[in-house]
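A short worksheet on the structure shown next.
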Amino acid sequence: MVTVCEPTVVMEPPRAGGLLESGHSAASLDDCVVDRANESSEEESAGERDEEIGAHAEVASSTKATEVPAEQTSNTQTVNTRRPNSLPVPAAGGLGLWTSRGDAEVILRMGDSGLAAETPLTINQMFTSAVEHFADYTALSWKEGEQQKSLNYREYYQTCRTAAKSFLKLGLQRYHGVGILGFNSAEWFISDIAAIFAGGFAVGIYTTNSPEACQYVANNSKANIIVVENHKQLQKILQVEDKLPHLKAIIQYKDALKEKRPNLYTWAEFMELGRDEPDAPLDAIVSSQKPNQCCTLIYTSGTTGQPKGVMLSHDNITWTALSTCRHVGLTDATRSQELVVSYLPLSHVAAQMVDIWVSMRVGGTTHFAQPDALKGSLVDTLKEVRPTAFMGVPRVWEKMQEKMKSVGAKSSTMRKKLAAWAKDVGLQTNLTRMNQSGAAGRTPLSYQVAKKLVFKKVRKALGLDRCSKCYTGAAPITKDTLEFFLSLDIPLYELYGMSESTGPHTISIPEAFKLTSCGKEIPGCRTKLHNPDEEGNGEICFWGRHVFMGYLNMPDKTDEALDAEGWLHSGDLGKHDQNGFLFITGRIKELIITAGGENIPPVPIEDAVKEAVPLISNAMLIGDKRKFLSMLLTIKCQLNAESGEPEDELTPEAIELCRKLGSNATRVSEIGHDRLIHAAIQEGINRVNKEATSNAQRIQKWIVLDRDFSLPGGELGPTMKLKRPVVAKMYKEQIENFYKELATPTTPENPLPPK
Ligand SMILES: Nc1ncnc2c1ncn2[C@@H]1O[C@H](COP(=O)(O)OP(=O)(O)OP(=O)(O)O)[C@@H](O)[C@H]1O
């Protein structure tokens with residue numbers, strides 16, 4: 001049985017006044033009852049806590065959702081306030097909607113009906129419920145060589161408990177991090193959950209992080225323990241080990257240790273530590289945990305600046321997983337077991353939610369892909385395990401599209417004609433279906449034929465023949481890719497959200513699907529469009545139990561993200577259509593404001609350049625606080641199969657494009673001197689400039705860089721979003737050259753830009 005925690009605090013969303021809103025839950029501001037019945041059960045040493053309070057205690061503002069140090073929150077009290085159009089201000093000592101302290105609690109944003117009113121659960125409660133219902137069902141599976149391995153829910157839970165005892169034995173302190181640095185595996189999940197059970201924070205670290213970036217996360221989260229995948233990751237930690245004052249132990253979960261060191265453990269040694277430990281200390285910690293306390297830190301990948309530690313509470317995770325399952329209609333394992341493949345970086349919220357928590361909610365199986373999944377083995381894994389649901393970031397779908405196109409280009413004329421016909425039928429049938437809100441009407445005979453001859457074969461070849469739910473999310477996807485898959489009878493349901501919303505805020509589903517829209521809110525959540533323009537484009541703001549607790553130790557940043565009423569400001573621009581579908585129309589957070597004061601969203605201009613010049617792989621518009629716009633360009637090149645690093649050699653597609661322009665270039669390094677290619681790029685840019693709405697929106701100068709942007713290079717984040725501050729720093733010199741007084745602007749007559 002699940003032991004249900006007393007609801008700690010209850011909060012209704014504020015009325016939005018004149019703002020545009022949509023959502024599932026009631027909009028009234030009722031009396032707000034803050035019922036702090038549970039005593040704080042912190043176990044940290046007094047000295048350490050004093051130090052933290054000194055460092056982080058903040059003054060509660062009367063106009064802002066307040067943050068209160070942990071000591072003050074431990075009193076039982078009731079606040080009963082009514083303040084139209086603003087958050088009830090908790091009396092001194094009450095809780096706020098947000099905090100920047102790892103050891104504090106927050107008000108849960110509960111509604112009084114529907115999903116928003118569901119009883120809050122801790123991670124342990126959700127897990128024990130899964131064990132109770134799905135004990136013998138496979139929870140995790142993976143391949144070791146040719147051997148198939150698995151853990152059922154009972155074994156999974158017990159293993160997490162043993163690992164939690166081992167963490168405690170190694171000295172994990174309450175509210176301290178356990179960093180996890182490696183590719184997706186059972187050990188990754190077990191470390192994550194065990195860290196939470198033991199009262200610490202689960203902290204995923206990107207495998208692409210430099211030693212310094214690992215150091216930042218480890219210190220920011222006060223990591224006592226770091227779990228690494230292999231020797232390569234271990235080396236990064238060892239390089240900065242003497243700068244990690246909280247670190248007590250390192251565990252390596254794959255491969256044999258190449259050297260023995262004190263406090264360095266293999267996974268087997270680590271698990272052995274907790275094997276015979278008594279249950280009582282762990283039980284005491286687990287039962288003291290409350291749903292409104294932090295359990296996980298998600299570090300943002302830095303597309304908009306220094307990574308921030310997004311604090312997620314138990315309730316953020318358990319409730320969002322529930323709402324997501326209900327919204328997308330995942331089936332309970334006792335009826336039909338869902339199966340997902342885990343391959344996206346687990347330090348990102350999307351992978352963590354889908355692979356660990358959503359799957360656990362319905363008793364699904366998570367199968368681990370091979371570490372080289374994104375270098376090519378993913379489709380083999382998909383074909384082998386045939387998932388029932390699959391989530392890809394846009395780049396994954398684009399890569400599949402590119403591969404299918406290049407295979408298709410080599411097929412016979414007959415096959416090409418058949419494919420083109422089937423795609424036409426597929427697109428038309430699915431668009432009709434979409435306009436009828438997914439109603440299962442009669443499908444034309446041509447569709448049935450196309451399905452048999454083409455669609456079924458394509459799905460089989462991709463390993464998606466059992467997969468009724470294909471998702472894209474975490475970054476913008478092009479209409480071209482959406483249409484490509486729709487024409488193959490694979491609708492990609494779009495998921496939109498952020499780390500700060502525990503992943504999903506909206507998800508499109510078969511019954512509510514519109515191409516290029518990211519759907520509607522998951523149940524219990526609400527959207528507000530702040531400051532809408534005349535076309536209805538406003539900043540997308542979120543409300544619900546998925547909204548994070550705050551950024552760890554960053555009250556100012558938290559204050560920027562949450563407004564006085566507690567709405568989370570996404571920094572994204574969007575609008576609703578008349579049926580409540582949300583469309584993302586831009587990112588305020590990357591808006592360029594020129595020296596002349598013109599606001600310019602870079603992505604549409606960058607996309608237009610990529611479309612006009614197919615040779616271009618990536619483009620980054622420059623112009624913030626500058627007199628005119630300029631652009632950094634990269635060329636489509638081969639990626640190293642091992643490291644994923646961009647190489648000098650052009651892709652076959654790029655070589656073909658060069659040939660068509662009359663150029664013999666086969667390498668990126670040759671492009672810099674190639675007048676024909678420069679003229680072609682300039683010509684494409686001229687076409688884009690012609691469409692510009694104002695002179696300020698025209699690209700005046702550009703340069704082709706020697707190296708493409710990539711994940712290992714650090715220019716792209718894990719979801720392939722451009723890390724603009726990183727690129728700007730890397731190419732500071734080239735950018736400054738654009739704006740040197742005497743530099744000659746590029747014109748159609750003068751196509752070679754100054755290097
Ligand atoms: N379906 C989508 N379509 C378009 N953009 C999306 C979609 N889903 C997410 N995004 C973008 O991703 C952002 C969330 O990014 P996320 O929380 O994953 O942070 P991150 O990638 O770690 O980087 P950072 O916070 O540093 O920007 C959203 O605010 C939005 O701009």
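One-based numbering, in listed order, for ligands and for the atoms of each.
Atoms CG and CG, from Leu427 and Leu486 in turn, are 5.5 Å apart once rounded to the nearest 0.5 Å.
Under 4.0 Å from ligand 1, the heavy atoms of Ala474 that appear belong solely to its backbone. Neither the backbone nor the side chain of Ile477 comes within contact range of ligand 1; no heavy atom lies under 4.0 Å. Contacts with ligand 1 closer than 4.0 Å are made by no heavy atom of Pro718, backbone or side chain.
Considering backbone and side-chain atoms alike, Gly473 places every N or O at 3.5 Å or more from each N or O of ligand 1. Considering both main-chain and side-chain atoms, Met498 never comes within under 3.5 Å of ligand 1 through any nitrogen or oxygen pair. Here's the thing with Glu494: one of its N/O atoms is less than 3.5 angstrom from an N/O atom of ligand 1. Geometrically, ligand 1 and Thr472 share no nitrogen or oxygen pair separated by less than 3.5 Å.
Less than 4.0 angstrom separates some heavy atom of Leu495 from each of these atoms of ligand 1: 1 (N), 2 (C), 8 (N). For ligand 1, the atoms lying closer than 4.0 Å to a non-hydrogen atom of Asp572 are 28 (C), 29 (O), 30 (C), 31 (O).
The distance between the ring centers of Phe485 and Trp397 falls below 6.0 angstrom. Here Phe390 and Tyr471 keep their ring centres 6.0 angstrom or further from each other. Tyr496 and Phe583 have their aromatic ring centers separated by at least 6.0 angstrom.
In this structure, a donor-acceptor pair under 3.5 Å is present between the side chains of Asp708 and Ser617.
At a 4.0 Å cut-off, not a single heavy atom of Pro394 sits close enough to ligand 1 to count as contact. Residue contacts with ligand 1 include Lys589, since one of its heavy atoms falls under 4.0 Å from the ligand. For His348, the heavy-atom gap to ligand 1 drops under 4.0 angstrom. Proximity of Gly717 to ligand 1 is not established, as no heavy-atom distance is less than 4.0 Å.
For Lys514, the NZ atom sits in a packed shell: over 12 heavy atoms of surrounding residues, nucleotides or ligands are nearer than 6.0 Å.
Shown here for Ile600 and Gln697, the closest heavy-atom pair between the two residues is CG2-OE1, 3.9 Å.
In terms of the ring-ring contact (aromatic ring centres under 6.0 Å, His included) criterion, His348 has no residue partners (sequence neighbours excluded).
By the 6.0 Å and 45° rule, Lys557 does not stack over the aromatic ring of Tyr551.
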